[in-house]
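Okay, structure first, notes after.
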Amino acid sequence: MPGEKLLNADAVIRAELVRAARALGVTENVEPVIERPRDPAHGDWATNLAMTLARPLKKKPADIAKELIAAMNLADAGVAEATIAGPGFINFRIASGSLASSLTKILDERESFGRSNAGKGEPVNVEFVSANPTGPLHVGHGRQAALGDAISRLLTHAGWTVTREFYYNDGGGQINNLALSVQAHLRAIAGEPLAIPEGGYHGEYIGEIAARYRTEHAADTRGGNLDDVRTFAVKALRAEQDLDLQAFGVQFDVYFLESSLYTDGKVDETVAALGKAGHTFEQDGALWLRTTDYGDDKDRVMRKSDGTFTYFLPDVAYHVTKWQRGFHRAIDVQGADHHSTVTRVRAGLQALEIGIPVGYPEYVLHQMVTVMKGGEEMKISKRAGSYVTVRDLIDEVGRDAVRYFFLMRKGDSQLVFDVDLARSQSEENPVYYIQMAHARLSGIFRVGEIDAGTITADGVRWECLGEPEERELIKLLLDWPKLVQGAADALEPHRVANYLLETARLVHTWYHKHHVLGEPDDIMHARLVLAKSARIVIANALAVLGISAPERM
RNA sequence: GCGCCAGUAGCUCAGUUGGAUAGAGCGGGAGCCUUCUAAGCUCCAGGUCGGGGGUUCGAUUCCCUCCUGGCGCGCCA
C-alpha cells in the first residue's frame with residue numbers, strides 16, 4: 001500500500017542511504033539521521049549522512065553527497081527530487097500526490113491513528129495527586145492531576161495497560177492535626193475561644209466539617225471522641241477531593257490507603273525483611289536503614305524512638321506492594337519538593353534484595369506553580385485559606401483551559417498560571433485557538449451537509465492537494481504517530497500541547513486561504529479528505545490531554 | 001556548604017535527544033470580513049540562547065567552571 005510506505009518514507013530513505021554508503025565503500029556502522037527540515041524550502045526530509053562520512057572517507061561532504069545520491073534508488077524510496085544544500089545536507093522532496101496519499105492511513109485508522117503496541121499490553125502503575133486528606137486540592141495537585149492523567153493516556157496510547165492510583169497518607173501525624181483542628185472548632189461552636197493547635201489547619205472548611213459533625217454526632221458536640229472526629233473529617237475531605245477530581249474529569253482505578261499497610265501487616269513485614277537483609281542498625285533508640293549503601297547522602301530513620309514509623313518506611317512497603325501486584329513498571333508523579341524521597345525509596349527497595357530494578361519506580365517531578373491574577377500572586381482562597389485550590393481555578397477559567405495551561409509547559413519548568421490570560425481566553429487563549437480549529441473543520445461538513453463518515457480515500461485525485469499550506473499540514477499530520485510515541489517514551493505531555501498549537505495554526509492558515517465547499521468536485525473531495533484527516537488528528541491529540549473537541553463554538 | 005531543577009524576544013515558555021537564517025503565544029505597531037465561524041488571517045518590530053572555557057565539520061543542546069533564581073538537605077509528609 002503506497003500510504004503505508006510513504007508514511008515510513010524516512011525509514012525507506014534511511015535504508016537506501018545505508019545501501020548507498022556501503023556502495024561507497026563504508027564498512028563501519030552507518031546510522032544516518034533523517035529529519036524534517038525546519039524550513040519547508042529545504043524539502044520534506046533531510047539527512048546529515050554526507051557530513052558524518054566526511055571524516056572516515058576523507059572527502060568533502062558535498063562530493064560524498066553527490067555520490068550517495070547517484071548510488072540511491074530514489075524512485076523506490078518515493079523521492080521526487082534530491083538536492084545538496086548548506087554544509088552538506090541532502091534534501092529529499094516527495095511528490096505532492098504521493099505525500100497526500102498517505103492520508104489514507106489516517107482515514108482508515110481514525111481514533112486509532114497514533115496508537116501503537118509498543119507497551120505490548122504490559123501493566124504500568126501511574127501514581128499521582130496522592131494528597132493528604134487534610135484539605136481541598138491545591139494548584140500543585142492540579143498540575144499533578146493534569147500531568148498524571150495525560151501521562152496515563154499517553155501510555156495507554158502507546159499500548160500499555162495503565163492503572164491510575166491515588167495513595168492516601170491517612171496514617172500519620174498530619175491526620176491527627178486535622179482531627180485536633182476540627183475539635184478546636186467544635187469547642188468554639190460550644191462557646192470557647194477558637195484555639196487551632198500548633199501545626200493545625202486554618203481553612204474555612206474545617207469549621208464546616210465541625211458544624212456537620214455536630215449535627216451528625218449530637219452526643220459528642222465538643223468532639224471528645226477524637227477517633228470519631230478523625231474518621232469523620234477524613235471521610236468528609238476524601239469526598240471533597242473526589243468532587244474536585246470529578247470537576248477536573250480525572251478518575252482513578254485504585255485508592256490505596258496508607259493505613260491498610262499497617263492493618264495488613266505490610267509495614268512490619270518490610271521492617272523484618274530489611275533487618276533480615278542486614279541493612280538496618282539501631283542508634284539513639286531508633287531503627288535506621290543504611291541508605292548510604294545505595295547512594296543516599298545520609299542514613300535514614302525508619303522507626304522513631306517513640307516506636308512509630310517515619311513516612312519513609314510505609315512508602316517503601318507501599319512500593320513493594322506495587323511490585324508484588326505485578327507492576328514491573330511504576331511511575332510516581334510528584335512535586336519537586338518531594339524529590340529527596342526518590343533516592344530514599346529506591347534505596348529501601350534495593351535493600352530488600354528481592355529483585356526490584358535500580359530505577360524502580362520512575363519519577364516524574366514537576367516544579368512549583370504560582371498563580372497570578374491582576375498582576376499579583378494569588379495566594380488566598382476562600383475555601384482553603386492560605387492557598388489556591390483546583391476548584392478555584394476551574395471555576396475561574398474552565399476545565400479545558402486549566403488542563404491545557406498545566407500541560408503546556410514541561411514539568412521541569414516552574415509554571416506561572418496567569419488567570420487573566422487564561423480567562424481573557426474568549427479572545428486569545430491557546431486552548432480555544434486549538435478547539436476553534438477543530439470546530440471550523442467540523443463546520444465545513446455541517447454547513448455542506450456532508451456526512452464525514454461517507455468521505456473516503458476512494459477515487460481521490462491526490463495531486464489536488466499540492467498547495468504549500470496543504471503539503472505542510474499533511475506532513476505535520478503524518479508526524480503525529482512519532483510525536484505521540486516520543487511523548488510517551490519521555491513521559492512529556494507538553495509535546496502534545498505544542499504539537500496541537502502548531503497543527504491548529506496550519507489548519508487556520510489553510511482554512512483561511514483555501515475553500516472547500518463549492519470548489520470543483522475533485523478539489524472539493526481532496527480537501528474534504530484533508531479536513532477530515534486534520535479533524536481526526538486534532539481530536540486524537542486533544543483526547544491525549546483530556547481536553548474536549550467541540551464541533552461548534 | 002551539598003543535591004535536584006531552571007536561566008532563550010518586553011512577559012510566559014517551546015526548541016523533535018548535536019544540525020541549515022533560534023521559534024510560538026501574550027504584549028507593541030500596520031493591514032484583512034458580499035464566500036465553509038474575524039473565537040480567524042497577513043505583515044512589522046523585538047535576541048550576547050546567564051558569563052567564560054572545552055569537545056567537532058557544526059553547540060541553545062554534551063563536558064568543566066563561575067553567576068542568578070526556585071526546591072530540598074527532619075526521629076515532618
Side-chain angles (χ1 to χ4, degrees), chain A residues 33 35-39 41-42 46-48 50-52 54-55 60-61 85-89 91 130-132 134 169 172-174 177 199 258 283-288 297-298 300-306 308-312 314-315 335-343 365-368 370 372 405 408-418 420-421 424-430 432-433 435-437 439-448 450 479 482-483 486-487 489-490 494-495 497-499 501-502 505 507-509 511-519 527 531 552-553:
Chain A
V33 174
E35 59 190 359
R36 289 218 184 275
R38 197 165 283 161
D39 185 344
H42 291 147
T47 183
N48 65 347
M51 288 180 283
T52 60
R55 172 165 291 224
K60 284 192 214 163
F89 289 100
N91 296 329
S130 295
N132 290 347
T134 54
N169 291 107
Q174 303 297 335
N177 289 336
E258 180 191 3
Q283 184 183 312
D284 304 332
L287 185 63
W288 298 64
D297 53 358
K298 59 179 78 165
R300 306 292 170 178
V301 171
M302 304 195 303
R303 191 176 59 218
K304 298 182 254 181
S305 50
D306 67 2
T308 62
F309 295 98
T310 60
Y311 70 95
F312 148 66
D315 256 13
D337 55 338
H338 285 69
H339 85 259
S340 61
T341 68
V342 173
T343 310
L365 301 180
H366 64 85
Q367 297 291 324
M368 301 294 101
T370 50
M372 300 292 286
F405 270 66
M408 66 199 284
R409 309 302 184 209
K410 71 178 168 202
D412 288 337
S413 298
Q414 291 171 42
L415 178 67
V416 175
F417 195 116
D418 187 333
D420 299 318
L421 181 69
S424 80
Q425 52 189 238
S426 49
E427 296 264 339
E428 311 292 359
N429 188 316
Y432 281 134
Y433 182 84
Q435 289 179 319
M436 189 60 203
R440 277 181 144 179
L441 293 170
S442 304
I444 294 172
F445 293 93
R446 186 176 58 248
V447 172
I450 297 164
D479 279 344
K482 273 185 187 159
L483 183 120
D489 288 345
H494 77 277
R495 296 189 191 191
N498 289 329
Y499 173 83
L501 200 57
E502 201 178 339
R505 180 164 42 249
V507 165
H508 284 306
T509 303
Y511 180 93
H512 182 260
K513 199 159 177 181
H514 304 291
H515 250 256
V516 178
L517 302 177
E519 296 293 313
R527 288 183 178 167
R552 63 197 309 169
M553 296 176 74

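Below, chains carry the letters A, B, ... as their sequence lines are ordered, and counting in each starts from 1.
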Distance between the P atoms of B:C11 and B:G3, in whole angstroms? 31 Å
Please check the phosphate of B:G15 (OP1 and OP2 only) for any side-chain N or O of A:Arg495 closer than 4.0 Å. no
Looking only at non-hydrogen atoms, find the nearest pair between A:Phe312 and A:Val301 and report the distance. CD2-O, 3.6 Å
Taking the minimum atom-to-atom distance to the side chain of A:Val516, which one of B:U17, B:C36, B:U37 wins? B:C36
A:Tyr511 side chain N/O closer than 4.0 Å to the phosphate oxygens (OP1, OP2) of B:C36? no
When you look at CZ of A:Arg552, are more than 12 heavy atoms from neighbouring residues, nucleotides or ligands closer to it than 6.0 Å? no
Pairwise P distance for B:C44 and B:U34, with rounding to whole Å: 25 Å
Shorter than 3.5 Å, N or O on both sides, protein versus nucleotides 32-34 of chain B: list them out with atom names.
none

Nearest to the side chain of A:Tyr433, heavy atoms from C-beta on, is which of B:C41, B:U37, B:A20? B:C41
Pairing string, 5' to 3', for RNA chain B - Watson-Crick or wobble contacts under 3.5 Å, brackets [ ] where pairs cross, | to another strand: (((((((..((((.....[...)))).(((((.......))))).....(((((..]....))))))))))))....
Is there a stack between A:His508 and B:G40, judged by ring centres under 5.5 Å and planes under 30°? no
Nearest-Å distance once atom C1' is located in both B:C73 and B:C13: 30 Å
Side-chain donor or acceptor of A:Arg409 under 3.5 Å from a matching atom on the base of B:U12? yes
Measuring only the C1' atom in each nucleotide, how far is B:U56 from B:U16? A whole number of Å is fine. 22 Å
Would you mind telling me which of B:U37, B:A20, B:C36 lies closest to the side-chain atoms of A:Pro37? B:A20
Not counting sequence neighbours, which residues clear ring pair (Phe, Tyr, Trp, His ring centres under 6.0 Å) with A:Tyr499? List them please. A:Trp480
When you compare B:C67 with B:C26, how far apart are their P atoms, in angstrom units rounded to a whole number? 39 Å
Say you pick atom P in B:U12 and the same atom in B:C57; how far apart are they, in whole Å? 39 Å
Could you state the OH-P distance from A:Tyr432 to B:A38, rounded to the nearest angstrom? 18 Å
Just jot down the ring pair (Phe, Tyr, Trp, His ring centres under 6.0 Å) partners of A:His508, sequence neighbours excluded, or say none. A:Tyr433
The nucleotide from B:C71, B:A39, B:G19 with an atom nearest the side chain of A:Pro87 is B:G19
B:A59 and B:C49: how far apart are their C1' atoms, nearest whole angstrom? 11 Å
Would you indicate, yes or no, if B:C57 has its OP1 or OP2 atom less than 4.0 angstrom from a side-chain nitrogen or oxygen of A:Thr52? no
Under 5.5 Å between ring centres and under 30° between planes: true for A:Phe89 and the base of B:A20? yes
When you compare B:G15 with B:A6, how far apart are their C1' atoms, in angstrom units rounded to a whole number? 16 Å
Encode nucleotides 72-77 of chain B as B, S and - characters from 5' to 3', where the letter depends on protein heavy atoms closer than 4.0 Å: B to the base, S only to sugar-phosphate, - to neither. SSSBSB
For A:Arg36, what residues pass the salt bridge (charged side-chain N to carboxylate O under 4.0 Å, His left out) criterion, not counting sequence neighbours? A:Asp479
For the side chain of A:Met51, starting at C-beta, report the closest nucleotide among B:G70, B:C57, B:A14. B:C57
